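Only one structure is covered here, and it is reproduced in the block below.
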Amino acid sequence: MKKIQQLLAIFGIILLVGLYLSTLVLAVLGKNFFPMFMAALFASMALPVLLWLYGFLYKMLKKKADENSKHGAK
(Lines give C-alpha, C1' and ligand atoms only; values in the text may rest on other atoms or scores of the structure.)
Protein backbone atom coordinates (compact mmCIF):
# COMPACT_ATOMS: atom_id res chain seq x y z
CA MET A 1 0.00 0.00 0.00
CA LYS A 2 2.87 2.37 0.79
CA LYS A 3 4.33 1.91 -2.73
CA ILE A 4 0.99 2.79 -4.33
CA GLN A 5 0.76 5.97 -2.24
CA GLN A 6 4.29 6.95 -3.21
CA LEU A 7 3.59 6.37 -6.91
CA LEU A 8 0.37 8.39 -6.72
CA ALA A 9 2.19 11.21 -4.93
CA ILE A 10 4.91 11.26 -7.61
CA PHE A 11 2.24 11.26 -10.33
CA GLY A 12 0.47 14.17 -8.59
CA ILE A 13 3.71 16.15 -8.38
CA ILE A 14 4.42 15.58 -12.08
CA LEU A 15 0.87 16.60 -12.96
CA LEU A 16 1.07 19.80 -10.90
CA VAL A 17 4.45 20.77 -12.33
CA GLY A 18 3.07 20.21 -15.83
CA LEU A 19 0.08 22.42 -15.04
CA TYR A 20 2.29 25.17 -13.66
CA LEU A 21 4.56 25.05 -16.70
CA SER A 22 1.63 25.07 -19.12
CA THR A 23 0.14 28.05 -17.25
CA LEU A 24 3.41 29.92 -17.57
CA VAL A 25 3.79 29.11 -21.27
CA LEU A 26 0.21 30.10 -22.04
CA ALA A 27 0.65 33.37 -20.15
CA VAL A 28 3.70 34.21 -22.26
CA LEU A 29 2.01 33.27 -25.55
CA GLY A 30 -0.45 36.13 -25.33
CA LYS A 31 -4.07 37.08 -25.84
CA ASN A 32 -4.93 34.39 -28.40
CA PHE A 33 -4.49 31.67 -25.77
CA PHE A 34 -6.43 33.39 -22.97
CA PRO A 35 -9.19 30.75 -22.60
CA MET A 36 -6.62 27.95 -22.34
CA PHE A 37 -4.59 30.06 -19.89
CA MET A 38 -7.64 30.54 -17.66
CA ALA A 39 -8.42 26.82 -17.77
CA ALA A 40 -4.83 25.94 -16.84
CA LEU A 41 -4.86 28.55 -14.07
CA PHE A 42 -8.11 27.18 -12.66
CA ALA A 43 -6.86 23.58 -12.85
CA SER A 44 -3.58 24.46 -11.14
CA MET A 45 -5.56 25.92 -8.23
CA ALA A 46 -8.41 23.41 -8.09
CA LEU A 47 -6.41 20.19 -8.45
CA PRO A 48 -4.42 20.51 -5.18
CA VAL A 49 -7.61 21.36 -3.30
CA LEU A 50 -9.43 18.36 -4.75
CA LEU A 51 -6.50 16.03 -4.04
CA TRP A 52 -6.40 17.21 -0.44
CA LEU A 53 -10.17 16.80 -0.11
CA TYR A 54 -10.10 13.26 -1.52
CA GLY A 55 -7.28 12.29 0.84
CA PHE A 56 -9.07 13.83 3.83
CA LEU A 57 -12.35 12.05 3.05
CA TYR A 58 -10.55 8.76 2.44
CA LYS A 59 -8.88 8.95 5.87
CA MET A 60 -12.17 9.80 7.56
CA LEU A 61 -14.08 7.00 5.85
CA LYS A 62 -11.31 4.49 6.51
CA LYS A 63 -11.19 5.47 10.19
CA LYS A 64 -14.97 5.14 10.47
CA ALA A 65 -14.92 1.75 8.75
CA ASP A 66 -12.17 0.53 11.10
CA GLU A 67 -14.17 1.68 14.13
CA ASN A 68 -17.30 -0.06 12.85
CA SER A 69 -15.44 -3.31 12.23
CA LYS A 70 -13.95 -3.23 15.75
CA HIS A 71 -17.31 -2.63 17.39
CA GLY A 72 -19.01 -5.28 15.24
CA ALA A 73 -16.42 -7.92 16.18
CA LYS A 74 -17.28 -7.73 19.92
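These numbers were taken from a predicted model, which means no experiment stands behind them.
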Task: Rounded distance [0.5 Å steps], CG in L21 versus CG in L26 - done: 11.0 Å

Task: Ring geometry between F37 and F34 (parallel below 30°, tilted from 30 to 60°, perpendicular above 60°) - done: tilted

- [ ] First locate atom CD1 of I10, then atom CG of L15, and finally report the distance between them rounded to the nearest 0.5 Å.
- [x] 13.5 Å

Open item on the list: Quick check: is I4 connected to L51 through a chain of hydrophobic side chains (ILVMFWY, heavy atoms under 4.5 Å apart)?
Closed with: no

TODO: Drop me the distance from I14's CD1 to L19's CG, to the nearest 0.5 angstrom.
DONE: 12.5 Å

Open item on the list: To the nearest 0.5 Å, what is the distance between CE on M38 and OG1 on T23?
Closed with: 10.5 Å

Open item on the list: Please determine whether residues M45 and M36 belong to a single hydrophobic cluster, defined as Ile, Leu, Val, Met, Phe, Trp and Tyr linked transitively by side-chain heavy-atom distances below 4.5 Å.
Closed with: yes

Task: ILVMFWY cluster membership beyond F42 - transitive side-chain contacts under 4.5 angstrom - done: none

Open item on the list: If hydrophobic clusters are built by linking Ile, Leu, Val, Met, Phe, Trp and Tyr wherever their side-chain heavy atoms come under 4.5 Å apart, do L41 and F33 end up in the same one?
Closed with: yes

Open item on the list: On a heavy-atom basis, which atom in A43 and which in P48 lie closest, and how many Å separate them?
Closed with: O-CD, 4.2 Å

Open item on the list: Would you say L8 ends up clustered with V17 if hydrophobic residues are merged whenever their side chains have heavy atoms under 4.5 Å apart, either directly or through other cluster members?
Closed with: no

